[in-house]
Structures are given as structure tokens and as C-alpha cells.
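Notes for the one structure printed next.
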2 protein chains.
Amino acid sequence: MKPLLNIIDKQSGTAFKLKKNDVLTVIDPMGGQVSDMVVFNAHDYNEKLSSGKSLDFEECLLLTKGHHLWSNRSQQMMKILEDTNGRNDFLLAPCSPETFKIMYNHEGEHPSCLANLTQHLKPFGIDADAIPTAFNIFMNVQFDEKGKLSVLPPTSEAGDYIRFKAEMDLLVGLTACSAEDSNGGTFKPIHYVIETEVKPINQHV
Amino acid sequence: MKPLLNIIDKQSGTAFKLKKNDVLTVIDPMGGQVSDMVVFNAHDYNEKLSSGKSLDFEECLLLTKGHHLWSNRSQQMMKILEDTNGRNDFLLAPCSPETFKIMYNHEGEHPSCLANLTQHLKPFGIDADAIPTAFNIFMNVQFDEKGKLSVLPPTSEAGDYIRFKAEMDLLVGLTACSAEDSNGGTFKPIHYVIETEVKPINQHV
């Protein structure tokens, strides 16, 4: 059976579960669009994605094919199987309503990844305070030797994708990012596909 | 009244509260010693230090004099008033028992910042899962243009210090770090001083 293509509309989000060994593919269908991803242990939401543990164990700021995403309990949560664009960010927290006040001088309502993640994770009992720094797929954060950070438009082109293998049963929150600077000034959808029952390579007959 | 000098023994930790406008000075008395610091809103421990929010709002990987440390609710928690060494890390999570298994191939017990923070924050109802990525004072994490991370010995010399002003009432967890690579292979104490009732500059008469 061909796996279903799922669509996250621009400036929105979703949440879903993965079983261990499922493969999640996140696709940038039009190019230049960021997707924030957070993951939790499906059986205990107090175990969750940790930027600090992942950067430490992978000894790298820029995670791509071959790297793992780690939890706050030092367990591998996902492995990156493929990454056709190759630039993601794991430094910056999801954009929140305050981001637009503080960084953009924007008054009034503005969609944000934190609000979209909270909306979709709330039914699982996870509130905004419990949402960790996301793995920001396709996000192009540049740093210089003095540590100065600049958010540039993504380098991803239409059809670029990244594939993750679940290393444990997971709850995933995923967005099409709502921040102007992160997405080159325009907002586009994100597509994703879940493949189940992918056998580990060493179990092929 | 001269403020009290407090001592954190090597490979140990502590926790204490600060009132808004108190000034905390963390001192490396012998040189080359890291101190992991985590902070929580004293009135609601679900509000806590956020590496992801701090790096985003400060637009910099390397936080020093003049920068703020921010919470997961986008509030300023501390301001760095002085920093005589000038190199701190805000990327890597506190060393944990698993750090020594995974990164050091160390079998058996090993002191760790996460265990020391947990021990001292547990009486406040904060468990290991709730401890965020620390602000790693004096920690010397170098990165190259490809994002490769290297933990080098601290550049701090005996007597180097960093001063923080509390921007809200805080609960602070503080350690003398237990990881060999972070401390140039030797373990030393950390000193700290709390000054209360420091008036904001614009209230001087």
C-alpha cells in the first residue's frame, strides 16, 4: 500500500504517533519553508527531544544524514536516514507570540510554531511550558566565528526532503513555520509521509 | 555587611533562591573549572531557563557581559553584568551518568552535574526530567564553520568571575562540574557570592 501524503497548511501544525522503526519523511513541496519538529516518548511524555543532549552526543551543531536526535534521558529518539537539503537548525526555540513582539516589533495576533504545537499537543496533556527547543527542519541559521547568529532564507528547493527513522515509539509535533524571516518572507505548506513496518536492514531475507 | 563567600566542593552542587535585583557572582577560585547553572522562576518552576529562547533573542551563541538569559516564556531571567573570562557555553546539556558511558566509555558510578542538580532541586519538587540545558559558566566549547564541536579546557584563570543580576525572583541550581574534558582533567571547587538589595543604577541618589 502506498503511504499517504499528509499536508500541513501554511502557518499551521499537527501531531501524530510513530511506532519504533516507522520512517517519517518531511517534504518541502514548494521550497524555502521551515518545519519545526518536537518529539516525545509515546509512553512517557516527560522524555522528550533535547537539543543540549543531541549536540553533545553528536559533537556537532549541524545535524544531518547519519546523526541521531537524542532525548533528555540520553536515549536515541530518531535517526536521520536521508537529508537532500542538508541544512537544519537545532539552536533556536520555536517562534512564539512573544517572538513577533520582541524580534519583529509586531503588535497583535500572529500565528506561531509554539501556538500551533501547543494546540495539537494539548489533547495529549502537553502544554506550552513542556515543549522543548525544536529540531528546525530546513531552517538556515548561520553563525560566524564570534557566535553571531543570522536567520537566512532556507536553501531547500521544491521537493527537498528529510527522512527520520523512529528509534522508539514517539509522539511527534510538526509545523509549517509561521515566522517571516525563517521562510524568506512567504509562508508555504509542509508535506509528510509515514511509512510503517520498515524492517531493519539486518532482517532482510 | 560584607556578603558571604559560599563554596561548592569539587564535583558537587547546590541550590538557592535569589530575589529580583539580587546579584550573584560565580567565581572560579583556582582557574579552569566549569560551573553549570540552571534557573527557575521562584514562584512557578514551570518557567525556566531556555537555551533556545536565549540564543534566539540575543542572536548569539556566546553570551557574555550585556546579554540576558531568557525563560521558556520569553521573559528575561538574568542579566550578565560582568564576565572577566568571557567564554561560556549554552549549547550542551549538563553531564549526566550516561555522558560518561556514551562519551567516555566509563563503567560504573561517576559524579555528574545532572545528578548534583537533581539532588539539590529535588527538595523543591524538580526532578531530572525538568532540568533544562544549563548555562555552562567558564565552559569552553569551540565550533568550526561546519558546526563541529570540541570541548577544550576553560580559559578562566584563578579569580575570574561572572556577575548576574536577577531580573525576577529565582531558584538557582549551581555546580562545580564533574566532567574530565570540560575541566582540563582536574576537578576544583566553585565559589559564589550573593549581594542583596543592589539598587538599579537609575535609582541612585
Side-chain angles (χ1 to χ4, degrees), chain A residues 36 41 44-48 50-64 67 70-76 87-103 114 127-134 136 141-151 179 182, chain B residues 36 41 44-48 50-64 67 70-76 87-103 114 127-134 136 141-151 179 182:
Chain A
D36 281 20
N41 177 335
D44 181 352
Y45 301 144
N46 290 316
E47 180 167 17
K48 62 180 101 165
S50 168
S51 163
K53 281 293 176 198
S54 299
L55 301 182
D56 194 6
F57 290 136
E58 299 298 331
E59 299 181 280
C60 192
L61 284 179
L62 298 171
L63 303 192
T64 183
H67 288 126
W70 296 73
S71 79
N72 57 338
R73 294 183 191 162
S74 298
Q75 304 289 330
Q76 295 180 348
R87 186 85 190 193
N88 311 290
D89 171 68
F90 210 178
L91 297 172
L92 305 189
C95 61
S96 60
E98 297 81 8
T99 305
F100 298 99
K101 288 195 188 77
I102 296 170
M103 306 287 284
L114 188 63
D127 68 9
D129 287 335
I131 293 174
T133 293
N136 302 309
V141 178
Q142 295 286 331
F143 47 88
D144 69 17
E145 72 279 5
K146 293 193 171 167
K148 180 155 175 47
L149 297 173
S150 314
V151 178
S182 303
Chain B
D36 282 21
N41 177 335
D44 181 353
Y45 302 145
N46 289 318
E47 180 167 18
K48 61 180 102 167
S50 169
S51 164
K53 280 293 176 199
S54 300
L55 301 183
D56 194 5
F57 291 135
E58 299 298 331
E59 299 181 281
C60 192
L61 284 178
L62 298 171
L63 303 193
T64 183
H67 288 125
W70 295 74
S71 79
N72 57 338
R73 293 184 191 161
S74 299
Q75 304 289 329
Q76 296 181 348
R87 186 86 189 192
N88 311 291
D89 171 69
F90 211 179
L91 297 171
L92 305 188
C95 60
S96 61
E98 298 81 8
T99 306
F100 298 99
K101 289 195 186 78
I102 295 169
M103 306 287 284
L114 187 63
D127 68 7
D129 286 335
I131 293 174
T133 293
N136 302 308
V141 178
Q142 296 286 331
F143 47 87
D144 68 16
E145 72 279 4
K146 293 192 171 167
K148 181 158 173 46
L149 297 173
S150 315
V151 178
S182 303

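Labels below follow one simple rule: chain letters A, B, ... track the order of the sequence lines, proteins then strands, and each chain is numbered from 1.
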Please look at [X] and chain B and tell me whether the side chain, the backbone, both or neither of the residue comes under 4.5 angstrom of a heavy atom of that chain.
X: A:Thr99; value: both
X: A:Gln75; value: neither
X: A:Asp127; value: neither
X: A:Phe57; value: both
X: A:Lys101; value: neither

Side chain, backbone, both or neither: which part of B:Glu59 has a heavy atom under 4.5 Å from chain A?
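The answer is both parts of B:Glu59.
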So, the part of B:Ser74 with a heavy atom under 4.5 Å from chain A: the answer is both
Given the options [options], which has more heavy-atom pairs under 4.5 Å with chain A than any of the others?
options: B:Leu63, B:Asp144, B:Val151, B:Ile102; answer: B:Ile102
options: B:Val141, B:Thr133, B:Asp129; answer: B:Asp129
options: B:Lys148, B:Glu58, B:Arg73, B:Gln142; answer: B:Arg73

Minimal heavy-atom distance between A:Leu91 and B:Leu55, with the atoms involved, is O-CD1, 4.0 Å
Main chain of [Y], side chain of [X]: is a donor-acceptor contact present, judged purely on distance under 3.5 Å?
X: B:Ser71; Y: B:Glu47; answer: no
X: A:Lys53; Y: B:Pro94; answer: yes
X: A:Asp56; Y: B:Met103; answer: no

For this session: Assess whether side chain to side chain contact (heavy atoms under 4.5 Å, CB included) is satisfied between B:His67 and B:Cys60, documenting all intermediate values.
Result: CA-CA 9 Å; B:His67 288 125; B:Cys60 192; 4.3 Å; yes
Rounded to the nearest 0.5 angstrom, the OG-CZ distance for B:Ser51 and B:Phe90 is 5.0 Å
CZ (A:Phe143) and CG (A:Leu149) are apart, to the nearest 0.5 Å, by 8.5 Å
| query | Would you say the side chains of A:Asp89 and A:Asn136 form a donor-acceptor pair under 3.5 Å? | reply | yes
Most contact-rich option vs chain B, by heavy-atom pairs under 4.5 angstrom, among A:Leu62, A:Ile131, A:Leu114, is A:Leu62
